[in-house]
Each structure stands twice: as structure tokens, then as C-alpha cells.
Amino acid sequence: MRSLLRFAAQGMLVLIVIMGVMACSSSDASCDSPRRGGEFDLASGLDSCGGSSNLVASGNPGTIPKEIAQLYPDVPYLQGNATVVLTVNNQPIEIEVLGAEAPLTAGNFVDLVSKGVYDGTSFHRVVKEPQPFVVQGGDPQSKDPKVPAQQLGTGSYQDPNTKQPRYLPLEITPEGASQPVYSRTLEQAGIGKPPKLRHQRGAVAMARASFPDSASSQFYIALSDLGFLDGNYAVFGYVRSDMSVVDRIKQGDRIQSAKVTAGLENLKQP
């Protein structure tokens, strides 16, 4: 059985199991991927937020090319590493955020943490059966208990300065490269090497829609090694402690707080 993961409707994650072609429903507890809601043509809605630039960066690790900075002028980047601590069920989850391999993706996450965007948000999708897969959260809508459960997973971060959603380009650094590939999966870029940051147990990565440049605030944590996702989604860090806390997360559990405990000085404006 071959599995392909993708997101639909501005950050919803859909696993399509290719055995015919069958997509799991949002209410089916046996589905082995985070998802929510229906599908639509994302390209028409997201091209205006930056489009697909198909760029490979050049320069020093942890920096971004001018073309990307111009397309995403409101997204900070991380030049170096940072540590983020999520508190869930009164227990800490320490995440090492890696700016050298994913500067823009890591910078966005650290910036949103520092702004309190994740405080009070819930893990709207938790998939442990038929085998451990992911916990997914980060939808700002989930702060509001009045938002219907079926709507969770469709939200993105709204930049208060621009009054627009903030989207990110897909950003993946291949093994042996000093800079990321932007706006394409490694397969689309014709690169046969795996990414430097792989989907190992504890990997933290950005949820996105089928359009590559559609990640915003939603993220997921891998509950097991998920090599089939490598090169398709932007891993930007790893849980360093305590994965047992992540393993106990249930659907609906909330992030009580998210704090940058080290490395905030590495957050730079493009």
C-alpha cells in the first residue's frame, strides 16, 4: 500500500491511500492522517500570496535569497537555532527549532510562538490507529470554543499588520546542500537525495495544502518514522523531550502555553 499525504483547504492534511483511490473522511477514526473538510482549487486562492517561485537558494546556511525575501517581506527568518517549550496537559514538550536548514519555516514558527499565536489552540487531529502517525495543531480558530469542530483545520495566521493571511513557501534542504529548495518538492525539483531534516519520530513539520506555498501556522509532530513524507513537507525541528507527553495527546487537548526559551535573538527580519 502506497500512501501520499497532502493538505486541503488552507492547511488541512489529507491522506489519500492509493488502492483504487480512496480518501478518508474527517469523521472516520480509522483514517491514518490528519485532515479536515473538503477540497478546492488552492492555486487560485494562493497565487496572490506569493505564487510558486521555483527557487534554489544560494549563499550561507540560515539565510534566504533576495527573491524569497521580496515575495515574503513580512516573514522573519531564523539564523541559528531556537528552543520552544509547549505546555500540554501541564507537561512540557521541548522542541529544538533548526534555522540553518529551514530558516523561513523555523522563523515563522518562532515568531508565532513569541506572539502568543499558539497559546490556547488545540490539537484538532490526532491519529494513532491503525499505527502511530501524527498529532496536528496550530489552527488559530481553535482558540474559540464556539468554532464548530468540523471547521478546525481550515484556519491560517492572519497578520495584523497586513490584514492578510501569512503563507510560507515550501522550504526543504537536500542532504549535501547548503541551502534549501523553495516552492517545489524534491521530486518536483528533480533531486534524488533525501532532505537533511527527515520525518523521524518527533519531527515537527508544517502542514500545508496541495499547493506547495500554502503553509501558515498549522504544524504536526510525527509519532513514528514517516519516511514517505520526506521531501514533500518542511520539517523544521525535533522534539528533544518529552515524546511521552506527545504520545499522550488526545484530540481536543490544548496548548496551554508556547514559549521561546532560547534563541529568540536569532530571529531576524528579511
Side-chain angles (χ1 to χ4, degrees), residues 1-8 11-19 23-24 31-35 42 52-57 61-62 64 68 78 81 95-109 125-128 130-138 168-216 218-240 243 246-247:
M1 179 173 64
R2 177 185 168 196
S3 296
L4 171 67
L5 190 70
R6 68 174 187 170
F7 289 93
M12 292 176 294
L13 186 59
V14 180
L15 184 66
I16 296 181
V17 182
I18 303 178
M19 289 179 56
C24 60
C31 293
D32 55 347
S33 97
R35 83 171 288 268
L42 287 157
S52 180
S53 53
N54 294 332
L55 293 173
V56 178
I64 57 175
I68 291 293
L78 190 67
N81 293 351
I95 298 171
E96 184 180 15
V97 185
L98 305 173
E101 293 81 9
L104 204 62
T105 310
N108 175 72
F109 183 74
R125 188 66 173 166
V126 176
V127 183
K128 300 180 181 180
Q131 59 189 15
F133 189 52
V134 302
V135 298
Q136 181 185 341
L168 305 174
L170 182 61
E171 180 182 51
I172 302 173
T173 300
E175 201 171 69
S178 62
Q179 292 290 307
V181 171
Y182 285 94
S183 299
R184 292 177 292 175
T185 66
L186 295 190
E187 182 179 5
Q188 289 170 341
I191 296 173
K193 294 183 178 180
K196 282 186 177 180
L197 303 183
R198 303 189 189 186
H199 281 80
Q200 301 167 351
R201 172 172 158 81
V204 187
M206 292 304 293
R208 67 172 177 86
S210 56
F211 182 68
D213 298 348
S214 56
S216 180
Q218 292 187 51
F219 67 94
Y220 59 92
I221 302 174
L223 296 177
S224 61
D225 293 349
L226 304 172
F228 67 93
L229 299 182
D230 286 345
N232 293 290
Y233 297 89
V235 174
F236 60 87
Y238 293 92
V239 173
R240 296 309 185 196
M243 271 302 292
V246 179
D247 290 334

Please name the pair of heavy atoms, one in [X] and one in [Y], separated by the smallest distance, quoted to 0.1 Å.
X	Y	answer
L170	A234	CD1-N, 3.9 Å
G231	I172	O-CD1, 3.3 Å
V181	A189	CG1-CB, 4.0 Å
P103	I64	CG-CG2, 3.8 Å

(message) With side chain to side chain contact (heavy atoms under 4.5 Å, CB included) as the criterion, how do L168 and D213 come out once you've worked through the C-alpha distance, each side chain's angles and the decisive distance to 0.1 Å?
(response) CA-CA 5 Å; L168 305 174; D213 298 348; over 6 Å; no

(request) Start with the C-alpha distance between R125 and V135, add both sets of side-chain angles, then the distance that settles side chain to side chain contact (heavy atoms under 4.5 Å, CB included), and finish with yes or no. (result) CA-CA 6 Å; R125 188 66 173 166; V135 298; over 6 Å; no

What distance do [X] atom [atom1] and [Y] atom [atom2] have between them, rounded to the nearest 0.5 Å?
X	Y	atom1	atom2	answer
T173	L186	OG1	CG	9.0 Å
L78	L104	CG	CG	10.5 Å
Q218	Q136	CD	CD	5.0 Å

Hey, are the side chains of [X] and [Y] touching, using non-hydrogen atoms and a 4.5 Å cut-off?
X	Y	value
F133	L226	yes
M206	V235	no
S183	P169	yes

(message) Could you check whether K196 pairs with D230 (Lys NZ or Arg NE/NH1/NH2 to Asp/Glu carboxylate O, under 4.0 Å)?
(response)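 No, no charged N to carboxylate O under 4.0 Å.
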
Would a distance-only check, ignoring hydrogens and angles, find a side-chain to backbone donor-acceptor pair under 3.5 Å from [X] to [Y]?
X	Y	value
R240	E96	no
T185	N232	no
K128	D247	yes
N81	L98	no
S214	F211	yes

(request) Mind checking side-chain hydrogen bond (donor to acceptor under 3.5 Å, both in side chains) for E175 and listing every partner two or more places apart, or none if nothing turns up? (result)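 Partners of E175 by the side-chain hydrogen bond (donor to acceptor under 3.5 Å, both in side chains) criterion, ordered by chain and then number, come out as R198.
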
(request) Establish, from distance only, whether the side-chain atoms of E171 and Y182 form a donor-acceptor pair under 3.5 Å. (result)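 There is such a pair between these side chains.
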
(request) Go through the structure and list residues passing ring pair (Phe, Tyr, Trp, His ring centres under 6.0 Å) with F109, not counting sequence neighbours. (result)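 For F109, the residues satisfying ring pair (Phe, Tyr, Trp, His ring centres under 6.0 Å) (neighbours in sequence not counted) are Y118, F219, F236.
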
(request) Name all residues meeting the salt bridge (charged side-chain N to carboxylate O under 4.0 Å, His left out) criterion together with D225; count only those two or more places apart in sequence or in a different chain, and write none if there are none. (result)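 Salt bridge (charged side-chain N to carboxylate O under 4.0 Å, His left out) list for D225, sorted by chain: empty.
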
(message) Assess the residue pair V246 and L223 against the criterion (side chain to side chain contact (heavy atoms under 4.5 Å, CB included)); give the C-alpha distance rounded to whole Å, side-chain angles, the decisive distance to 0.1 Å, and a yes or no.
(response) CA-CA 8 Å; V246 179; L223 296 177; 3.7 Å; yes

(request) Show your working on side chain to side chain contact (heavy atoms under 4.5 Å, CB included) between L197 and Y238 and close with a plain yes or no. (result) CA-CA 9 Å; L197 303 183; Y238 293 92; 3.7 Å; yes

